[in-house]
Amino acid sequence: MDNCKIIAIANQKGGVGKTTTTISLGVGLAQRGRRVLLVDADPQGDLTTSLGCNDSDLIDITLATYMEATIRDMPIPKGGIVHHYEGVDVIPANLELATTEMSLVNAMSREFTLKNCLEPLKDEYDYILIDCMPSLGMITINALAAADSVIIPVQAHYLPAKGMTQLISTINKVKRQINPVLQIDGALLTLADMRTNLSRETETTLRESYGEHIRIYDTVIPVGISAAETSALGKSIFLHEPNSKVAKAYEIFVEEVMRGGKKRNQTRTPFCR
Ligand SMILES: Nc1ncnc2c1ncn2[C@@H]1O[C@H](COP(=O)(O)OP(=O)(O)OP(=O)(O)O)[C@@H](O)[C@H]1O
């Protein structure tokens, strides 16, 4: 039986906390005994760098190598998965992934290349989390085609919340045309400073405008310097500052994800007021 859940962490907006959420969720799940693979699907390689997996000895094989091999119908090279000492495995990425995105244009079954790469790995993991790049290009479409579900980090500002309509519409299109099982697990409010009207209003707007259609996680991730520091340290917030408010919020979020939630009506694309 297929027990592996593949979750894409996606938002075409940059800097909304996708990478931080992928790492925190992944490490949090690993701390609870789950076998976790993190896939860096962003040529910027922020997840790779943030976990210190960009050592030149380790980064010979990246997601680009996996995808190029699949495009050419060659065997996937061995040894590309890096183990991080906090208990998660990582498929790293670097700028080569941008070239791969271009090769996909003429590839057969181009939307399914990542899915085909991940298929043989599913037996080894309970969760595969894909950190998407801030665009809705072909690599992100590949992530959505490979995933069972999507988590959408939303920065607590009005404009990023508005961009969700476009994202949800793309997710619905992928669901209709290439991946009928795809679900939206939920949207997670990130980088929130609840002392400001802007963050409070964004939360209200998000819950009122989208809450009927998609789950808005109860957890709100606050803005915190400890989270900003982790990307330079090669470790998660749980190891860097376990007692910080950001770490505590991500702990609760991990529990929320593990509990699952009610399915919402996702057939219509909601519009932000
Ligand atoms: N809760 C937080 N508090 C403060 N800073 C944060 C928080 N979460 C993330 N950051 C910082 O904000 C920046 C953007 O976060 P992150 O890289 O996770 O976003 P992203 O959506 O993956 O970005 P991109 O779209 O560029 O890949 C990073 O410098 C990160 O360290």
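Below, each value reflects all heavy atoms present in this structure, side chains not excepted, and no hydrogens, waters or symmetry copies. Whatever order the structure lists them in is the order used to number ligands and atoms, beginning at 1.
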Worksheet item: In ligand 1, which numbered atoms sit nearer than 4.0 Å to a non-hydrogen atom of Pro134?
Response: 25 (O)
Worksheet item: Where do Tyr210 and Thr165 land on the side-chain hydrogen bond (donor to acceptor under 3.5 Å, both in side chains) test, with the steps shown first?
Response: CA-CA 9 Å; Tyr210 295 95; Thr165 299; 2.9 Å; yes
Practice prompt. For atom 2 (C) of ligand 1, decide whether some protein heavy-atom distance is shorter than 4.0 Å.
Written response: yes
Item to complete: With heavy atoms of Gly15 as the reference, note each atom of ligand 1 found under 4.0 Å away.
Response: 14 (C), 19 (O), 20 (P), 21 (O), 23 (O), 24 (P), 25 (O), 26 (O)
Response to the item:
So for Gln44 against ligand 1, with non-hydrogen atoms under 4.0 Å, the contacting part is side chain
Practice prompt. Check each atom of ligand 1 against the heavy atoms of Gly224 and keep those under 4.0 Å away; list them by number with element.
Written response: 2 (C), 3 (N), 4 (C), 5 (N)
Discussion item. Looking only at the side chains, is there a donor atom on one of Glu68 and Thr100 sitting less than 3.5 Å from an acceptor on the other?
Written reply: yes
Worksheet item: Taking both backbone and side-chain atoms of Gly17, is any N or O found less than 3.5 Å from an N or O belonging to ligand 1?
Response: yes
Worksheet item: If we ignore angles and hydrogens, is there a donor and acceptor under 3.5 Å between the side chains of Glu256 and Thr219?
Response: yes
Worksheet item: Do Gln12 and Ser135 have side-chain N/O donor and acceptor atoms under 3.5 Å apart?
Response: no
Fill in: Closest protein heavy atom to atom 25 (O) of ligand 1, given as residue, atom name and distance to 0.1 Å
Lys18 NZ, 2.9 Å
Practice prompt. Check each atom of ligand 1 against the heavy atoms of Gly14 and keep those under 4.0 Å away; list them by number with element.
Written response: 25 (O)
Practice prompt. May I ask you to identify, for Ser50, whether its side chain, its backbone, both or neither come under 4.0 Å of ligand 1 on a heavy-atom basis?
Written response: neither
Worksheet item: Ser231 heavy atoms, cut-off 4.0 Å: which ligand 1 atoms fall inside?
Response: 31 (O)
Worksheet entry | Residue pair Tyr250 / Thr21, side-chain donor-acceptor N/O under 3.5 Å | yes
Discussion item. Counting non-hydrogen protein atoms only, what is the nearest one to atom 6 (C) of ligand 1? Give residue, atom name and distance.
Written reply: Leu191 CD2, 3.5 Å
Worksheet item: Should Ile7 and Ile252 be regarded as members of a common hydrophobic cluster, given that ILVMFWY residues are connected when their side-chain heavy atoms come within less than 4.5 Å of each other, either directly or indirectly?
Response: no
Worksheet item: Which residue supplies the protein heavy atom nearest to atom 30 (C) of ligand 1, what is that atom called, and how far is it?
Response: Thr20 OG1, 4.0 Å
Fill in: Separation between CD1 of Ile128 and CG of Leu114, rounded to the nearest 0.5 Å
9.0 Å
Fill in: Where ligand 1 meets Ala228 - atom numbers and elements under 4.0 angstrom, heavy-atom basis
5 (N), 31 (O)
Worksheet item: Is there a nitrogen or oxygen of Val16 sitting under 3.5 Å from a nitrogen or oxygen of ligand 1?
Response: yes
Discussion item. Looking at Glu251 and Arg32, is there a salt bridge between them, counting it only when a charged N and a carboxylate O are closer than 4.0 Å?
Written reply: yes
Worksheet item: side-chain hydrogen bond (donor to acceptor under 3.5 Å, both in side chains) with Thr19: which of Asp46, Asp131, Asp42, Thr48?
Response: Asp131
Worksheet, complete the sentence: for atom 17 (O) of ligand 1, nearest protein heavy atom and its distance come out as Thr19 CB, 3.8 Å
Discussion item. What I want to find out is whether Asp193 reaches Arg200 closely enough, with some N-O distance under 4.0 Å, to be called a salt bridge.
Written reply: no
Discussion item. Any carboxylate oxygen within less than 4.0 angstrom of a Lys/Arg side-chain nitrogen, looking at Arg207 and Glu212?
Written reply: no
Worksheet item: At a non-hydrogen distance cut-off of under 4.0 Å, which region of Asp42 contacts ligand 1 (side chain, backbone, both, or neither)?
Response: side chain
Item to complete: Compute the shortest N/O to N/O distance between Thr21 and ligand 1 and return yes if it is under 3.5 Å, no if not.
Response: no
Worksheet item: Between Phe253 and Tyr217, is the ring centre distance below 6.0 Å?
Response: yes
Item to complete: May I ask whether atom 28 (C) of ligand 1 is less than 4.0 Å from at least one protein heavy atom?
Response: no
Fill in: Interfacing atoms of ligand 1 (cut-off 4.0 Å, heavy-atom, Pro222)
1 (N), 2 (C), 3 (N)
